[in-house]
Chemist: 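This is the structure I want to talk about, given as structure tokens.
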Amino acid sequence: MSGTTLAEWLRAQDDTALVALLRARPDLATPPPADTAVLAARVGSRASVARACEELDTLTLTVLEALLVLDADQRPVRLADVAGLFDVDLRPALDLLRARVLVWGGDDALSTPPAARDAVNPFPCGLGRSVPSLAGADLSGLGEDELRVLGALAAGPPVGQTKDAAHVVSLAGARTPIQKLLARGLLVRRDALTVELPREIGLAVRGDRPLGGITTAEPPLTTLHRDPVTVDSTGGGEALELSRHVEALLTAWSADPPAVLRSGGVGVRELRKLAKELDVEERRAALLVELVVNAGLVADSEGVEPEWVPTPQADTWLAAAPEHRWATLAQAWLDLPRLPGLIGRRDERDRLLNPLAPELNRPAAPRDRRRVLEALAALPPGTAAPNADELAAVLAWRAPRRGGRLRDELVRWAVEEGTAVGVLSLDALTAQGRTLLTEGPGPAAKRLGDALPAPVDHFLVQADLTVVAPGRLEPDLADEIALVADVESAGGATVFRVREESVRRAFDAGRTAADLHELFRGKSRTPVPQSLTYLIDDAARKHGRLRGGAAGSFLRCDDPVLVTEVAVHPAAERLELRKIAPTVLVSPYPLAEVLDGLRAAGFAPAAEGPDGRVLELKAGGRRTPGRGRRRSPVPTPPSDEQLGELVRLVRAGDQAATTTGGARVSVPGHLGAGPSATVGLLQQAARDGRAVLVDFVDSHGTAARRVIKPQVVGGGVLEGVDVSYGDVRRFPLHRITSAALVEDDSQ
């Protein structure tokens, strides 16, 4: 039985199949392969095969391993031989393997890349290497202890370590089961401590289950139906809560930004402080920290003592509508290349993993997060999957080679974080989450806006000085009530409490007692309690009796006349000097600038310290504004048109290689021998209408070869018809490395 080579198989596929291959295995397209031979070499490479297998489900991967059990990496095998190992239809799995070119050939001659065994599993289906002489070996005379050893190795993996393998003894001198099996030849000694169960013995032990205990059907997933409207509205409430917490974080860090740890990230003490201020668990506070940084709302100041400080982008976010606020945060979570679930754990050096620590970086995290959401998106709207362990098992079956040791935890973290962000709700994907996944943040924000109830224009004032908002308040009203009251509990109805401190906060923001009385009278649907009126009036009487102001520097002098002389000088207006006492002037400018200005005006001021002693002022160091973290752009997948162009380049490379092999080449002209010879050759070909084989280096630095019929040669450019495409193309002459005339075999 013979089969085609991989290069021959690829060359025989149509362009649509090759475009699908390059889309499924994007690593094959970088850099663009020169011809099918190069493409075949990449398809069969160990690294590329391993990457391609990450997308395979358990059944498809098992079919590939079964082919390796039959040594399809060494010689073609028949589909009938593979099908005999399964009790399910293999055609869909085989079609997928062929589409990814992990298998090629007809049903009577299936082959796999030689590197597949190392890339997939050195012991496919848990079976050892073949020892053909053991086919049909008789196991009937073995003792129970020997059969027990064979059963354990047959279940996989087929290798084991034991001191009994140190010396091979005769059957008569064997004392242990391992020694007896080695003496019988039913085990193979690989080294002094390792034995291996041959494939033939493993299959014999397995009997009617040649593939072992591999599950070829996707595990079941328990689902519940919930009202989609309830799912979306509950998720909307969580989205508003997320926005409120982020706003509180930005306010807290604007006033008191935490320091950046020497190793990066936020310290445990700062995280606990934030959790207490927001009244949330530390786990949620850590997720909020990760979100605001990835969304660009907070960045490290990168100074001598760097801090985590809100950026100007935070002001834009704070001014946005609630649905747009949420969309920014939800997209930041979806694209977050980190694992917040690791926060609080310890690394291999027993160091605590903090929020924003570099050790949390995982480039594959967005892909794994999307896999979870896409699995839920495949269910009908409103369908919940309440058992995260079952969902993890389903995803593990669909891609067993993904996720590594954290595979199941990645699923649970995605569900937990998605619920906190409002993408999931009641164990189901919300409509806004589904839209975010498929259409992006803009349409998702609109979908959330539709799910949120209309904002209310009133509240209810209670006798205990609490204010109940029976829904989402209108933006202006929400801002006013946030000034005069503190949030006590949030949810479908938000409860605020008015305190003396909160009333003073409103006065500090410029509100008067009359403004607050009007706010409560006009917006409360319940009578305003007298205790609230007394609280506002009492706070108003105390507010502002002691006043303070800001000043960059001051001037003092025991001589009031000199102070007056300085105050009326023209320089005083420019320096904005203001008299606050007969012997004191203040200015908003730094002291050094004030002193320089007065000295230029003819005065002789001196600087003094807190203790009254004269100081020498020196210019401070340079200051630089904080810069946000750079975020790596997500690469855009190539379009079908771009992949089609790459396939045409491969075809052109094949044609060029074929032309070189069978054509009669004359008058070679190489740039190494001088540009004039090549230009002359190309000009001669243009006059005679002859084809030229051109080797060149493209703009990406990749060597390529084309058969061109030159039309114009001059101005540093070759312009001609690409024989493979039928299109006119231009080639800079300085990129051409060699050229040769090609005889037309049809002449």
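All figures in this text were calculated on a predicted structure; none of them were measured in a lab.
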Chemist: For Asp558, does the CG atom sit with more than 12 other heavy atoms under 6.0 Å from it, leaving out its own atoms?
Modeler: no

Chemist: Supply the atom-to-atom distance Asp279 CG to Leu274 CG, rounded to the nearest 0.5 angstrom.
Modeler: 11.5 Å

Chemist: Without placing hydrogens or testing angles, list every side-chain donor-acceptor pair under 3.5 Å for residues 251-266, not counting sequence neighbours.
Modeler:
| from | atom 1 | to | atom 2 | distance (Å) |
| --- | --- | --- | --- | --- |
| Thr251 | OG1 | Glu247 | O | 3.0 |
| Ser254 | OG | Leu250 | O | 2.6 |
| Asp256 | OD2 | Lys273 | NZ | 2.4 |

Chemist: Counting distance only, does the side-chain N/O of Arg497 pair as donor-acceptor with the main-chain N or O of Asp464 below 3.5 Å?
Modeler: yes

Chemist: Considering only heavy atoms from C-beta outward, does the side chain of Leu271 approach that of Pro355 to under 4.5 Å?
Modeler: yes

Chemist: Between Leu373 and Leu424, is any pair of side-chain heavy atoms under 4.5 Å apart?
Modeler: yes

Chemist: Which pair of heavy atoms, one from Leu532 and one from Val528, lies closest together, and at what distance?
Modeler: CD2-CG1, 3.9 Å

Chemist: Looking at every heavy atom in both Ala248 and Leu278, which two are closest together, and how far apart are they?
Modeler: CB-CD2, 3.3 Å

Chemist: Strictly below 4.0 Å, N to O, side chains only: are Arg412 and Glu416 in salt-bridge contact?
Modeler: no

Chemist: Counting heavy atoms not belonging to Arg521, are there more than 12 under 6.0 Å from its CZ?
Modeler: yes

Chemist: Decide if atom CZ of Arg346 counts as having more than 12 heavy atoms of other residues, nucleotides or ligands within a radius under 6.0 Å.
Modeler: yes

Chemist: With a 4.5 Å limit on heavy-atom distance, are the side chains of Leu288 and His245 in contact?
Modeler: yes

Chemist: Quick one, His517 with Asp537, criterion side chain to side chain contact (heavy atoms under 4.5 Å, CB included). Give me CA distance, side-chain angles, the key distance, then yes/no.
Modeler: CA-CA 9 Å; His517 289 315; Asp537 291 341; 2.7 Å; yes

Chemist: Checking the side chain of Thr234 only, and the main-chain atoms of Val231 only, is there a donor and an acceptor separated by less than 3.5 Å?
Modeler: no

Chemist: Output yes when Arg345 and Glu359 qualify as a salt bridge under the 4.0 Å nitrogen-oxygen rule, no when they do not.
Modeler: no

Chemist: If you measure from the Lys or Arg side-chain nitrogens to the Asp or Glu carboxylate oxygens, is any gap between Arg371 and Glu374 under 4.0 Å?
Modeler: no

Chemist: Side chains of Phe554 and Leu585: does their closest heavy-atom pair fall under 4.5 Å?
Modeler: no

Chemist: Determine whether Trp326 and Val423 make a side-chain contact, defined as any pair of heavy atoms from C-beta on separated by less than 4.5 Å.
Modeler: yes

Chemist: CH2 of Trp317 to NE2 of His324: how many Å apart, nearest 0.5 Å?
Modeler: 13.0 Å

Chemist: Of the non-hydrogen atoms in Leu291 and Leu329, which two are nearest, and what is the gap between them?
Modeler: CD2-O, 4.0 Å

Chemist: Would you mind reporting whether Pro605 and Arg599 have side-chain heavy atoms less than 4.5 Å apart?
Modeler: yes

Chemist: Under 3.5 Å, which donor-acceptor pairs do the side chains of residues 437-456 form with other protein atoms, sequence neighbours left out?
Modeler:
| from | atom 1 | to | atom 2 | distance (Å) |
| --- | --- | --- | --- | --- |
| Thr438 | OG1 | Arg434 | O | 3.0 |

Chemist: Looking at Arg505 and Asp486, is any side-chain nitrogen of the basic one under 4.0 Å from a carboxylate oxygen of the acidic one?
Modeler: yes

Chemist: Are Lys276 and Glu270 ion-paired here, with the side-chain N under 4.0 Å from a carboxylate O?
Modeler: no

Chemist: Heavy-atom distance under 4.5 Å between the side chains of Lys523 and Leu477, does that happen here?
Modeler: yes

Chemist: Look up atom OG in Ser243 and atom CD in Glu323, then write down how far apart they are to the nearest 0.5 Å.
Modeler: 10.0 Å

Chemist: Between Cys557 and Val563, which heavy-atom pair has the shortest distance, and what is it?
Modeler: CB-CG2, 3.6 Å

Chemist: Who passes side chain to side chain donor-acceptor pair (under 3.5 Å) against Asn361, sequence neighbours left out?
Modeler: Arg338

Chemist: Just by distance, do the side chain of Ser301 and the backbone of Glu307 share a donor-acceptor pair under 3.5 Å?
Modeler: yes

Chemist: Flag the pair Ser587 / Ser553 as yes when at least one side-chain heavy-atom distance between them is below 4.5 Å, and no otherwise.
Modeler: yes

Chemist: Would you give the length of the straight line joining atom OG1 of Thr328 to atom CG of Asn294, rounded to the nearest 0.5 angstrom?
Modeler: 11.5 Å

Chemist: How far does CD of Glu593 sit from CG of Leu598, to the nearest 0.5 angstrom?
Modeler: 11.0 Å

Chemist: Check Ala295 against Ala332 and note the closest heavy-atom contact, atom names and distance.
Modeler: CB-CB, 3.7 Å

Chemist: Would you say Arg369's side chain and Trp333's backbone share a donor-acceptor pair under 3.5 angstrom?
Modeler: yes

Chemist: Surrounding CD of Glu501 (heavy atoms of other residues, nucleotides or ligands, distance under 6.0 Å), is the total greater than 12?
Modeler: yes

Chemist: Take Phe496 and Glu488, measure what side chain to side chain contact (heavy atoms under 4.5 Å, CB included) needs, and give me the verdict at the end.
Modeler: CA-CA 5 Å; Phe496 300 85; Glu488 198 162 77; over 6 Å; no

Chemist: Is the backbone N or O of Ala357 less than 3.5 Å from a side-chain atom of Asn354, with the two atoms forming a donor-acceptor pair by type?
Modeler: no

Chemist: Please give me the minimum heavy-atom distance between His458 and Leu473, naming the atom from each residue.
Modeler: O-CD2, 3.5 Å

Chemist: Given 3.5 Å as the limit, does a donor-acceptor pair link the side chain of Trp413 with the main chain of Leu342, or not?
Modeler: no

Chemist: Looking at Ser524 and Leu460, would you say the former's side chain and the latter's main chain have a donor-acceptor pair under 3.5 Å?
Modeler: no

Chemist: Hey, mind stepping through Val246 and Arg325 against side chain to side chain contact (heavy atoms under 4.5 Å, CB included) and telling me if it holds?
Modeler: CA-CA 10 Å; Val246 169; Arg325 285 184 175 189; over 6 Å; no

Chemist: Walk me through whether Phe459 and Val468 qualify under side chain to side chain contact (heavy atoms under 4.5 Å, CB included).
Modeler: CA-CA 6 Å; Phe459 47 73; Val468 180; over 6 Å; no

Chemist: If I take atom OG1 from residue Thr526 and atom CZ from residue Phe520, how far apart are they, to the nearest 0.5 angstrom?
Modeler: 10.5 Å

Chemist: Before accepting this row, confirm whether a basic side-chain N of the pair Arg541/Asp538 lies closer than 4.0 Å to the acidic partner's carboxylate O.
Modeler: yes

